[in-house]
Amino acid sequence: MIKSPRGTRDLLPPDTALWNFVESTARDVFRAYNFQEIRTPIFESTELFSRGVGEETDIVSKEMFTWEDRGRAESDKGQSLTLRPEATAGIVRAYIEHKLADRGLNKLYCIGPMFRRERPQKGRYRQFYQIDAEVIGPPSSGSDSPARDAEILEMLATLLDRLGITDWNLELNSVGCPNDRAKFNEALRAALEPVKDKMCVDCQRRAVTNPLRVFDCKVPEDQPIIEKLPRISHFLDEPCRKHFEEVKQILRAVGVDFHENDRLVRGLDYYTRTAFEFTHGALGAQNAILGGGRYDGLSEALGGPPAPGIGFAIGEDRLVLSLQEKTPAESVLRKPDVYIAPVGAGMNVESARLARELRRTESLVVDLGDESFRLKKSFELATKAGARFILIVGENEVKANAFALKNHATGEQIEVPRADLARRIKGIA
Ligand code: AMP
């Protein structure tokens, strides 16, 4: 038997109803904040990610699915391509390539699969899905304003609430600007020097290559050492401190709870100021449902114009996992309103006509049997499908232009003239 590759999975009904519920709710909420959808390719040139995510990150150094194109055209030959491990780099590339700034497009979202070669476990897959949104624009558009940071965070709180996820936790920090971080890195290196040998091997490496990432360490024995390390919050310059204060002030004013967490850092140079994560207790070790932050230097790093931005990526797989506890997929799935049971030769034709009418007039969900089925089998299939009504279509019914309609829950069966069927099934007649 051929199975799906390691770290991938099939999303099956009825779970897909929950995925659709999440996505349609996200689209509705994003629309209310004037975001519009962008769809970028799922593979891009490898260089985009090495420059846009960073050569020294785990994603780029270990986790990308990369191949060399075998195309015959000279322009394709040997080109290194990669399945996208995240969405921001592609969106910023598209923003630069199509000069979206000139069209005033500065609030974009994207929903789709991402790929990372990680060790699979619950909530961690090699193909996973993200719901991603970005505010990006020239400095004159106000895209660097703390009001945008607060707006995005408030939007996320609204989305989670609308989905019925109430027990989330917003962790918030400011990682300052590259200047602040250079000073911070120096202080961190100095503080790590005498203690790093007592830390885990990963931290020993991080202490040399990218000391900020020491804060990502989850090894319990390292925590007392990490607790005593200097924090970025003491290194913020005045504009960064003021920016962070304003984000917090708006959040308090609109009633979005947050926890300041000055261990929350992002190791890349172009990450600036606001950094955040939403966690959810039910998820266990992989408890981050989404992460995001400001990246005021990214556009320039990709060869574009100055375009400060802030964005986030929701891990849709994890969002669905945390939803599943309270909201079973069955509860958001629209079951058939009616199952049509054709009885006898020629009744498939009559049933098809009737089904078309019902689906069109009241947008009913209609499932259809087959004229070769015995009535008992049709009833069984209607039950399996969860149909509310069963409609019997036989020669006598067609002649009388009135049909036997059976309410599945009550067992009640009535004769309904064709003209009243749709409204009767809908429950408005
Ligand atoms: P990141 O792009 O690493 O900031 O991740 C953003 C969000 O995507 C995380 O908070 C997770 O919810 C989700 N995520 C990241 N990697 C994976 C993965 N391998 N499998 C499932 N979800 C993931």
Q) Just wondering, do Leu391 and Leu358 contact through their side chains at under 4.5 Å, heavy atoms? A) yes
Q. If you look at every heavy atom in Cys110 and Ile91, which pair is closest and at what distance?
A. CB-CD1, 3.9 Å
Q. Does any N or O in the side chain of Thr46 come within less than 3.5 Å of the main-chain N or O of Ser80, such that one atom is a donor and the other an acceptor?
A. yes
Q. Please walk me through it: do Arg263 and Glu227 pass salt bridge (Lys or Arg N to Asp or Glu O under 4.0 Å)?
A. CA-CA 9 Å; Arg263 273 188 65 162; Glu227 276 306 312; 3.6 Å; yes
Q. Would you say Leu160 and Leu319 make side-chain contact, with heavy atoms under 4.5 Å?
A. yes
(Q) Please determine whether side chain to side chain contact (heavy atoms under 4.5 Å, CB included) holds for the pair Asp337 and Glu362, giving the CA-CA distance in whole Å, both sets of side-chain angles, and the decisive distance to 0.1 Å. (A) CA-CA 11 Å; Asp337 296 299; Glu362 294 291 347; over 6 Å; no
Q | From Arg273 atom CZ to Asp144 atom CG, the distance as rounded to the nearest 0.5 Å | A | 7.5 Å
Q: Determine whether the side chains of Ser45 and Gln79 contain a donor N or O and an acceptor N or O closer than 3.5 Å.
A: no
Q | Lys335 and Glu330 ion-paired at < 4.0 Å | A | yes
Q) Which heavy atom in Ile232 sits nearest to a heavy atom in Ser174, and how many Å separate them? A) CG2-O, 3.5 Å
Q: Drop me the distance from Thr8's OG1 to Phe115's CZ, to the nearest 0.5 angstrom.
A: 9.5 Å
Q. What do the steps show when you test Arg388 against His408 for side chain to side chain contact (heavy atoms under 4.5 Å, CB included), and what is the final call?
A. CA-CA 5 Å; Arg388 277 193 305 120; His408 207 270; 5.7 Å; no
Q: Decide yes or no for Val247 and Leu153: does some side-chain heavy atom of the first lie under 4.5 Å from some side-chain heavy atom of the second?
A: yes
Q: Return the orientation label for the Phe278 and Trp168 ring planes: parallel under 30°, perpendicular over 60°, tilted otherwise.
A: tilted
Q. Do Ser143 side-chain atoms and Pro308 backbone N/O form a donor-acceptor pair below 3.5 Å?
A. yes
**Q.** Nearest-0.5 Å distance that lies between atom OH in Tyr125 and atom CZ in Arg318
**A.** 8.5 Å
Q.
Would Met155 and Glu151 count as a side chain to side chain contact (heavy atoms under 4.5 Å, CB included) here? Give the steps.
A. CA-CA 6 Å; Met155 176 169 88; Glu151 186 183 23; 5.6 Å; no
Q) So, Arg6 side chain and Arg119 main chain: donor-acceptor pair closer than 3.5 Å or not? A) no
Q | Donor-acceptor pair, side chain of Glu154 and main chain of Leu251, under 3.5 angstrom | A | no
Q.
Check this for me: His259, atom NE2, are more than 12 non-hydrogen atoms of other residues, nucleotides or ligands nearer than 6.0 Å?
A. no
Q: Would you check if the side chain of Glu55 reaches a backbone N or O of Arg51 as a donor-acceptor pair within less than 3.5 Å?
A: no
Q. Between the side chain of Asp237 and the main-chain N/O of Cys240, is any donor-acceptor distance below 3.5 Å?
A. yes
Q. Residues in side chain to side chain contact (heavy atoms under 4.5 Å, CB included) with Arg116, at least two apart?
A. Ile59, Glu63, Pro85, Glu86, Glu118, Phe128, Gln130
Q | Derivation and outcome, side chain to side chain contact (heavy atoms under 4.5 Å, CB included), residues Glu380 and Thr383 | A | CA-CA 5 Å; Glu380 280 166 12; Thr383 308; 5.5 Å; no
Q.
Could you check whether any side-chain N or O of Asp370 sits under 3.5 Å from a backbone N or O of Ser372, counting only pairs where one atom can act as donor and the other as acceptor?
A. yes
Q: Report yes if the side chains of Ile96 and Ser299 come closer than 4.5 Å at any heavy-atom pair, otherwise no.
A: yes
(Q) Any carboxylate oxygen within less than 4.0 angstrom of a Lys/Arg side-chain nitrogen, looking at Arg353 and Glu357? (A) no
Q. So do Met199 and Leu192 actually touch side chain to side chain, heavy atoms under 4.5 Å?
A. yes
Q | salt_bridge(Arg231, Glu260) N-O dist < 4.0 Å | A | no
Q: Measure from the side-chain N and O atoms of Thr209 to the backbone N and O of Arg205, and report whether any donor-acceptor pair falls under 3.5 Å.
A: yes
Q) For Val135 and Lys107, which heavy atoms make the closest approach, and how far apart are they? A) CG2-CG, 4.2 Å
Q. What's the spacing between Asn169 CG and Thr279 OG1 if we round to 0.5 Å?
A. 4.0 Å
Q) Taking side chain as C-beta onward, heavy atoms only, is Ile42 less than 4.5 Å from Pro113? A) yes
Q. Looking at Ala275 and Leu264, what are the two nearest heavy atoms and their distance?
A. O-CD2, 3.6 Å
**Q.** Arg39 atom CZ: more than 12 heavy-atom contacts under 6.0 Å
**A.** no
Q | Side-chain donor/acceptor of Arg181 to backbone N/O of Val175, under 3.5 Å | A | yes
Q) Which atoms form the tightest heavy-atom contact between Gly7 and Pro120, and what is the distance? A) CA-CG, 3.8 Å
Q) Hey, are Lys242 and Glu245 close enough for a salt bridge, meaning a charged N less than 4.0 Å from a carboxylate O? A) no
Q) Salt-bridged, Asp28 to Arg31, with N to O below 4.0 Å? A) no
Q: Please collect all ring-ring contact (aromatic ring centres under 6.0 Å, His included) contacts where either partner lies in residues 15-62, sequence neighbours excluded, each pair once.
A: Trp19-Tyr129, Phe30-Tyr109, Phe43-Trp67
(Q) Within the structure provided, determine whether Cys203 and Lys196 are in side-chain contact (heavy-atom separation under 4.5 Å). (A) no
Q. What pair of heavy atoms forms the shortest contact from Phe276 to Gly293, and how long is it?
A. CE2-N, 3.5 Å
Q | Ion pair check, Glu37 and Arg27, cut-off under 4.0 Å | A | yes
Q.
Rounded to the nearest 0.5 Å, what separates atom CG in Leu156 from atom CG in Leu170?
A. 8.5 Å
Q: With salt bridge (Lys or Arg N to Asp or Glu O under 4.0 Å) as the test, would you mind laying out the steps for Asp317 and Arg9 before giving the verdict?
A: CA-CA 11 Å; Asp317 305 73; Arg9 47 191 194 137; 2.7 Å; yes
(Q) Looking only at the side chains, is there a donor atom on one of Asn173 and Glu171 sitting less than 3.5 Å from an acceptor on the other? (A) no
Q. Counting distance only, does the side-chain N/O of Thr272 pair as donor-acceptor with the main-chain N or O of Asp296 below 3.5 Å?
A. yes
Q: Nearest 0.5 Å please: distance from the CG atom of Leu108 over to the CD1 atom of Ile136.
A: 8.0 Å
Q. What do you reckon, is CG of Asp197 surrounded by more than 12 foreign heavy atoms closer than 6.0 Å?
A. yes
Q. With a 4.5 Å limit on heavy-atom distance, are the side chains of Leu188 and Pro230 in contact?
A. yes
